[in-house]
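Take a look at the structure set out below.
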Amino acid sequence: NRSHRPTIAFVAGAATDFWTFAEAGCKKARAEIKEYDVVFRYTTDGATEEQKRIVDDLLANGLNGVIVAPLDPVNQGPFIDATSEKIPVMVTDSDIPNSKRLCYVGTSNVEAGHYAGKLIKEALPAGGKILLFVGKADAQNAKERIAGIEEELKGSGITIAGIRTDNIDRVRAKANVSDALVSHPDVNCFVGLWSYNGPAILNAVKESGKSGKVKIVCFDEEEETLRGVQNGEILGTVVQQPFEFGYQSTRLMAQYLSGDKKGLPANGQVIIPAQVIRKDMAADYLSKMAALRRK
Amino acid sequence: MARPILHMNKICKQFGDVSVLKDVDLTVYEGEVLALMGENGAGKSTLMKILCGVHPFTRGTIRLDEKEIFIASVRDAMRMGIAFIHQELNLVENLDIAGNIFLGREPVTRWGWPDKKRMSKETAGLLARVGLDARPETPVRQLSLASQQLVEIAKALSLRSRILIMDEPTSSLTMKETALLFDTVADLKSKGTSVIYISHRMNEIMQIADRVVVLKDGKNGGELKKEELNHASLVRLMVGRNIDRSIFASRCALPNASFNAESIRTHRYPHQPVSFSLNSGKITGIAGLVGSGRTELVESVCGIRSLIAGSVYLDGKAIRIKSPSDAIRQGIFLVPEDRKQHGIITGMSITENLSLPNLHAYSTMSLVRQAKESFAARAQVDNLDIRCASLQHLLKDLSGGNQQKVAIGKWLSRTARLMVFDEPTRGVDVGAKAEIYRIMRRLADEGAMVLVVSSDMEELMIISDRMLVMHEGRISGELLSDEFTEQRILSYAFGNG
Amino acid sequence: MKKEKGIFIIFIVLCSVVSIGNPNFLSAANLQNTTRLIGIFGIFSIGSGIVIITRGIDLSVGSIFALEGVLLSMLLVSQKIAWPIAVMTVLLLTLAIGWCHGIMISKLKIQPFIITLCGLLVYRGLARFFSNDITMGFGYGEGFTALQRLATGNLFGVPSPFILLLVVGAAAWVFLHRSVYGRYLFAVGQNEEAAFFSGINVKRMLLAAYIISALLAGIAGILLAFYTNAIAPSSHGNFYELYGIAAAVLGGCSLRGGEGSIIGIVLGAAMLQVIQNLVNLLGIPSSLNFAVMGVVILTGVLADKFIRRNKY
Amino acid sequence: MKKEKGIFIIFIVLCSVVSIGNPNFLSAANLQNTTRLIGIFGIFSIGSGIVIITRGIDLSVGSIFALEGVLLSMLLVSQKIAWPIAVMTVLLLTLAIGWCHGIMISKLKIQPFIITLCGLLVYRGLARFFSNDITMGFGYGEGFTALQRLATGNLFGVPSPFILLLVVGAAAWVFLHRSVYGRYLFAVGQNEEAAFFSGINVKRMLLAAYIISALLAGIAGILLAFYTNAIAPSSHGNFYELYGIAAAVLGGCSLRGGEGSIIGIVLGAAMLQVIQNLVNLLGIPSSLNFAVMGVVILTGVLADKFIRRNKY
Ligand SMILES: Nc1ncnc2c1ncn2[C@@H]1O[C@H](COP(=O)(O)OP(=O)(O)OP(=O)(O)O)[C@@H](O)[C@H]1O
Ligand SMILES: Nc1ncnc2c1ncn2[C@@H]1O[C@H](COP(=O)(O)OP(=O)(O)OP(=O)(O)O)[C@@H](O)[C@H]1O
Ligand SMILES: [Mg+2]
Ligand SMILES: [Mg+2]
């Protein structure tokens, strides 16, 4: 089942919807560029070690270009550099600016954090406390989103009362929210930093009967999150358009490999802007996502 | 008189709040064979375990060569020259014979590696001495119980100790091996080794003991010199009360039954068809030497092992027995030879062990009626005089003989058609032995067929109505009770027609 | 009862400490949250415990959750099948899974660790394959709100998973501690050979244990699916088997078989949940979460040791 | 040797299948990648296996990796301590950890599962706490390039972790299968009582097993840290203990103790790595990754069963 066409690989993070959408983007690009084969790989445990081994394995198999979504951009520099010596490398999702990567395709997570911060300010015009929920606080995108939120909230009278992690376990994610509702009755805005934190917050808050009293701000585009936005239960969600990550990076890589080096941006960054989805846009976005999921 | 080398002085031992030994004194002289006797649960094994560092004692002193010693571990005891053959087998199944014999004190080569050659060579010598025909490299798990017991003996002999403790070393050995063992003991004695010998076989004691110390309910129960030694005096000291206490509920007699095995062949002796038949009301004994295939035969009949060929008939009807539960359904019960592995569950209580095969009788809608269960257990405990503080005692805290009684008692609440005993009196005291014989006889009188495998020839001659003798997997002879003589049995057992 | 006394005392002490540290621990809302989780975790821990009592281990629980959740969502949301049928289907599936494990272990005599490890891998893989790695949700439960209410609702203020745990626990208690078969299970765990010699159908008992474990995982899996309301196939229930095993071991089961009790297992499961609750309620930083959990368990076990030793 | 024959044949068959499916399997680059990982995983699997032979289990391995990695990064990068000292420090730490486990298990007689589970939780917690939940890296290795080269480089084209595995494996083989102590370990695992009655210092043997396991985890942990070049405290080495245990069990160790061999364990570890390699090389979708792994292991075990059965 190997094809003899030259191959581009997209090495994503753990198998979440976010990367599934990116995969859809890759598939679309693959359908358009006939001369390259595109393989899409997830890691199982969100560990950098695995990304390295996947790339190593694919290289052994003959690979022409790779797009990596570094799980740990701070320390994966040497890995990206080492790979760059063999084949062209692009990074996506999180940038590693001073590495030998070709370019970066993705959103600025710091900027996305700023968007979320604006939503929070909207939710708590008189100031107050917020709690953040995330899978792993040491993940790069979590750190950047938090940084963006913190910058945005500076001087607004809003303080972060804490960060709760759940190790990518939805049960724990929801239980964390339930517990927070008990232990922090004074907090009136919950922020979900990773995709599943949105539904977890929404469900726990609804079950405790505090809908409306606690404002919710989320990231990413899980179906339940979007429905929550549609129903007004969630103030808004910041989405990153992962489909575009997959689509644009693959196309760009194909162009580059075919010798067209002009497509590369001069500053080495292709920024796909983050978007804030509010109640009015939710229905549209929902149907768009549903279409993507069906693919 | 020889020099005393060991004094145990006012030894007390408590397990929780059960007091097992109360101010026991014991003196051992150089080069003597001291027999330690007592009923099941009298505390013999416990006393010996204290001596060899398995249990700490609660109070008392131990002096060796007039110096007070403290034995903190088995290693300490070994270093002081005390070796112990335990009542229960304690071999490591995944090591070979040589590995087991030298476990813990392997001879090493110049480079520090275990010296396998030397181990094999010395093992071969030891095995010849105890009469076990096996290669030193044979994994222990392939050995029959009796052979394993011989390995234990060989292991203790290899220690070259000053005091050798043997806790029922012959309980599953036949005369041949026992005779060899006694030769060895005599040899050791002449070299100045003291032997503490525990056994429930009276004739052995008469044969080798220089002195007998009797324990009774955890206290010194008296002492007999060689000159004073006879069966009656021993029993009086040990038991001190009337042995006969039969309080059996009489059961209705079964209709006459018969059991036939026709040309059955077992895995160990696949080319040796065996046929025999049993009748109700009779006790049939099976004699033979170690490894003659007796255990294999009865286990095959009881569904533990599968038969290669042949058929069995109960009351003339062919029956298929593929598992013990099939056998039990037909009323065929087995008291297995290896009680620790097969007969009892050491981590369960007396009640639970006694009721395990009978649970369905004590339950309604599969729910166990505990009152009924403990009532039945209580009855068996009284019946067999199982010594225990309570019915909730775990089996691992019972003395060896009492464990054996539980292994038998678990089958006695049911009506047996064919009751098979494999070494039924291993480690059982005189009183209880008599009780077990009575039980066998009663079972037979009530119409059950009783099949007894035993290595104790005297025992077989007392209890059997008929005897089958086996040699290398086949039945080499059959004797009726008026034909029993040691000579004839042995000659069949050695395969001479 | 002796064995459970230790863990019971420790559990009570733990709860007291937490409620002194934060009185909200005893608030209705918190009790509801915690008992709901205790219900879900308790149910499958009982299954893990029963397998451990037979001297086995079941590592497949977490993956069963994922596979079951994915299928349930497909049946209910995509196929719009009536919920009682969907529930029956997934429960039958878990039964079949347990049966497979049991057969392989009892008939083919393969180590339980290996078989259920393969289960762990295969069911997770199937879940990801069927779902195409896309999170499967139940949305707002059109068409099966009754089921959703059943799984996540309260009855007289008590979360239904907890009520279910009481029911399942009572049944399991009767089965294990009062019935003939429970006795057989302990016997098999203690000494398989002696159990065989006593006429117990060892194979059937092993089979039963794995079926029970898988079935209880199936029941807990449905509750869990509606608790999260969405199944991320690659992470749903990841390593929950460890919770089940840990609860059982904490509650007095020994991995060497033949020991344990239902009450102990349930207390073990409850303790694990209270510890996590504690971390959140006492405001301990999330990063210390695990450390606290470990220290509390260790303290508990050591305390148990000394409580029991002092009895002599 | 009999026991390893099965897994050896299966391993060879597996490799043949993969290399027929994709000849690149045998390319120098791929062999280097795979043997490097086999080296790292093999080393700590040996430790897990030795513990399993004594009838125990070591669940703390993965968390030891995380704690060790974090400390190593702090020592090397933040404190700029000379690398030999840093390496000695973390190895001493793992020694101490193993010693603690061993003491608790042998002296206090607490179940190994519980002690090492607490270890799993506590060390992970400490790693997260020390690092403040921030990923700790080694960057471009200023000041300790020698160590980095040692850990990740090649010697005559063979990755150094693999060479280290050969060394460690040979030593472990001699220890386990030739020395007196190995014999004692097997004896303790098979029948603790009999070993005790033979005068073996059972406690010391158990202690040794846990120390060896922790120390080998420590060595593998250093290699792993430089392989990833960064330690995400919350996920580094997560559940790697399962790899170690699975490798040992696949390689013929029984969780019931007293069985197993070094060659088997190393083959088991190698097989797990080749299976993952296979998934990537044969272009199997990531979502089927786990399922393939499970199926291959199951096939292997069943085949092993039949190979051995046919010998009788
Ligand atoms: N660990 C223990 N805990 C509690 N009681 C024990 C323990 N070990 C032995 N006992 C009790 O101590 C008593 C003496 O046992 P011991 O094994 O010494 O008897 P014995 O004289 O060797 O009997 P036998 O002839 O049957 O072997 C028994 O009643 C037994 O129940
Ligand atoms: N070399 C061997 N290999 C495998 N199993 C053996 C071997 N020797 C003995 N056994 C097993 O041990 C059991 C007991 O053996 P067997 O029936 O020959 O002994 P026996 O006549 O009852 O004598 P005893 O029990 O006194 O040794 C048998 O079931 C047999 O399968
Ligand atoms: Mg005794
Ligand atoms: Mg026999």
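Chain letters run A, B, ... following the sequence lines, proteins first and then strands; every chain starts at 1. Bear in mind the structure is a predicted one, so any value in this text is a computation, not a measurement. Heavy-atom basis, side chains included; hydrogens, waters and symmetry copies ignored.
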Chain D contacts, top residue of [options] (heavy-atom pairs, under 4.5 Å):
options                             : value
B:Glu88, B:Lys116, B:Glu106         : B:Glu106
B:Met78, B:His86, B:Glu93, B:Arg105 : B:His86
B:Val108, B:Asp76, B:Leu95, B:Leu91 : B:Leu91
B:Pro114, B:Gly99, B:Ala77          : B:Pro114

Practice item. May I ask you to decide if the ring planes of D:Tyr240 and D:Tyr243 are parallel, tilted or perpendicular, using 30° and 60° as cut-offs? Key: perpendicular

For D:Trp173 and D:His177, take the angle between the two ring planes, folded into 0 to 90°, and tell me which bin it lands in: parallel under 30, tilted 30 to 60, perpendicular over 60. tilted

Applying a strict 4.5 Å limit to non-hydrogen atoms, the region of B:Arg79 in contact with chain D is neither

Honestly, the part of B:Leu103 sitting under 4.5 Å from a heavy atom of chain D is both

Does OH belonging to D:Tyr181 count more than 12 external heavy atoms closer than 6.0 Å?
no

| Between B:His271 and B:Tyr269, is the ring centre distance below 6.0 Å? | no

The residue among D:Ile105, D:Val202, D:Leu206 that forms side chain to side chain contact (heavy atoms under 4.5 Å, CB included) with D:Thr54 is D:Leu206

